Amino acid sequence: MRTRWDRIAAIVFSGTAWALALVAGPHMAHALRHPARLMAHASIGRRRDLG
């Protein structure tokens, strides 16, 4: 029985894409709802690194 590496790669890639979407999706939705807060956190982080 031959292994279909292209099919295995497609399944792995699809699973990884779904996992990223499920993990990052809620965080991105929260960030898009509060862009001002997101920018404030980002600027604080940069200031702390420079200080």
Side-chain angles (χ1 to χ4, degrees):
M1 186 168 134
R2 292 177 51 206
T3 304
R4 297 284 313 256
W5 291 109
D6 55 342
R7 185 174 291 179
I8 292 171
I11 291 169
V12 169
F13 181 77
S14 177
T16 303
W18 273 106
L20 284 173
L22 290 173
V23 169
H27 298 287
M28 290 303 294
H30 179 73
L32 291 174
R33 270 186 269 143
H34 305 286
R37 185 182 299 169
L38 178 69
M39 293 309 293
H41 286 300
S43 64
I44 289 170
R46 279 195 296 264
R47 256 188 271 135
R48 195 173 3 177
D49 289 342
L50 294 175

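Please read these numbers as outputs of a predicted model, since none were measured by experiment. For this chain, numbers begin at 1 and follow the sequence in order.
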Exercise for the section: Look at the side chain of Ser14 and the backbone N and O of Ala10, then say whether any donor-acceptor pair between them is shorter than 3.5 Å. Expected result: no
Practice task
Search all heavy atoms of Ala21 against all heavy atoms of Pro26 and return the closest pair with its distance.
Solution key: O-CD, 4.3 Å
Exercise for the section: Output the distance between atom OG1 (Thr16) and atom CD1 (Ile11), rounded to the nearest 0.5 Å. Expected result: 11.5 Å
